[in-house]
Amino acid sequence: MMRAEAYAKVNLGLRVAGRREDGFHPVSGIFQSIGIVDRLALAGAEEDSIMGTGGRPVADGLDNLAFRALAAVRAVAGSSAPLELTLDKEIPVAAGLGGGSADAAAALGLAGRRLGVEPATLATIAPQLGSDVPFCLIGGTARVSGRGDIVTPLDPLTDIVLAVVVPPVEIATPAAFRAWDELGQPQGLRIKQSALPPVLRDQGDLQNDLYPAAVSLAPELDDWRADLEERWGRPAMLSGSGPTLYSFFVDQDEAAGAVAAVPAGSRFAEACDLVAFGWRITDDG
Ligand code: C5P
């Protein structure tokens with residue numbers, strides 16, 4: 001049995017440009033891995049299976065991005081040996097935290113190790129699985145562009161802890177991009193450079209262009225943002241297509257204080273350390 005941890009990510013900002021011929025939108029932003037973790041276990045089996053821990057249901061078979069990752073690595077390796085994948089999910093789904101993509105990246109890593117497939121080959125499989133998988137395969141702090149498939153690692157950010165809040169709505173990424181087109185490709189929520197933590201200031205203003213689209217799909221998101229900003233005394237930002245909102249704090253204590261001030265009814269609220277990787281193998285068994 002091999003085990004791995006898969007880490008959630010936050011899009012610290014996301015600039016979006018007009019839709020390409022292939023249906024994807026060019027994006028640009030700084031992505032950051034954070035300490036919210038899904039745990040995966042991979043073992044040989046009599047037949048393929050995927051399950052949640054404690055028998056909890058997860059998307060089945062090839063509907064599950066992590067299982068698609070396993071199947072892709074197996075195909076490259078020329079193997080047909082059945083595999084059993086167990087997923088212990090902590091990352092909220094449909095939240096803009098990249099949980100499914102993180103699981104897929106960790107599954108690539110696990111299957112690559114098990115079947116002897118090189119990291120460079122895994123990197124060519126990643127974008128076929130989803131736009132966020134290339135970042136999750138690398139993780140840490142990176143500038144991401146293209147449709148998500150161009151990942152340029154940056155120095156790790158220091159002296160930052162995030163308070164991360166998932167309001168009680170779900171937003172599907174394709175719906176958010178569609179709404180952004182229908183709204184006439186608006187510019188989004190911005191935090192001015194001068195209001196950012198010092199380590200982020202040389203990256204310019206932070207902006208998420210999908211904010212108006214996310215609010216059009218879930219209007220209560222704007223109330224949550226305004227309420228959090230008042231309680232926290234600082235700007236709050238949307239991650240990706242949302243609905244995750246976050247802000248910057250200097251340490252765990254300050255972020256934990258912010259989490260304690262979050263109103264009741266959120267799907268998730270936690271102080272999250274930044275981490276320097278997207279996944280890691282924890283048991284090579
Ligand atoms: O790549 P992924 O499967 O995560 O993308 C889901 C959908 O989100 C795409 O089919 C597309 O509609 C939209 N998308 C986009 N531009 C991106 C990433 C995703 O329009 N850069």
Side-chain angles (χ1 to χ4, degrees), residues 6-33 38 58-73 87 89 91-108 122-139 142-152 166 169-189 206-218 221 237-244 278-279:
Y7 288 82
K9 63 105 177 94
V10 164
N11 304 8
L12 295 181
L14 194 71
R15 302 304 311 270
V16 182
R19 191 153 59 97
R20 310 192 307 204
E21 294 249 307
D22 63 3
F24 289 94
H25 295 73
V27 297
S28 172
I30 299 174
F31 288 23
Q32 174 65 55
S33 303
D38 284 349
V58 292
D60 202 19
L62 293 178
D63 285 343
N64 192 298
L65 205 54
F67 208 83
R68 279 221 290 280
L70 295 183
V73 177
L87 267 176
K89 286 204 69 72
I91 305 173
V93 299
L97 290 168
S101 305
D103 296 347
L108 286 178
L122 302 179
T124 64
I125 299 172
Q128 299 166 26
L129 296 167
S131 300
D132 280 340
V133 182
F135 168 76
C136 290
L137 194 59
I138 296 173
R143 178 159 287 282
V144 173
S145 59
R147 60 170 264 244
D149 51 338
I150 303 173
V151 181
T152 310
V166 186
V169 290
E170 295 190 359
I171 296 176
T173 302
F177 277 105
R178 216 175 307 123
W180 186 78
D181 287 331
E182 284 161 12
L183 289 171
Q185 311 182 338
Q187 297 210 357
L189 186 67
L206 268 192
Q207 183 165 325
N208 186 332
D209 290 331
L210 290 180
Y211 187 75
V215 170
S216 78
L217 296 170
L221 185 58
M237 196 61 182
L238 181 76
S239 174
S241 55
T244 293
W279 59 278

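Both counts, for ligands and for their atoms, begin at 1 and track the order of listing. Values below: every heavy atom of this structure, side chains too, minus hydrogens, waters and symmetry copies. Given the structure is predicted, the values throughout are model-derived calculations rather than measurements.
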Original post:
Are Arg20 and Asp22 within salt-bridge range, i.e. N to O under 4.0 Å?
Top reply: yes

Original post:
Sequence neighbours excluded, which residues qualify as side chain to side chain contact (heavy atoms under 4.5 Å, CB included) partners of Ser241?
Top reply: Thr173, Ala176, Leu210

Original post:
Can you tell me how far CG of Leu14 sits from CG of Leu238, rounded to the nearest 0.5 angstrom?
Top reply: 9.0 Å

Original post:
Just one of Val215, Leu217, Thr244 clears the side-chain contact (heavy atoms from CB on, under 4.5 Å) bar with Ile171, so which one?
Top reply: Leu217

**OP:** Grab the two heavy atoms, one from Pro186 and one from Trp180, that are nearest each other, plus how far apart they are.
**Re:** O-NE1, 2.8 Å

Subject >> Shell of residues surrounding ligand 1, defined by a 4.0 angstrom heavy-atom cut-off that is strict >> reply: Gly23, Phe24, His25, Val27, Gly130, Ser131, Arg147, Thr173, Pro174, Phe177

**OP:** Assign the ring pair Phe177 / His25 to parallel, tilted or perpendicular, where the plane angle (0 to 90°) is split at 30° and 60°.
**Re:** parallel

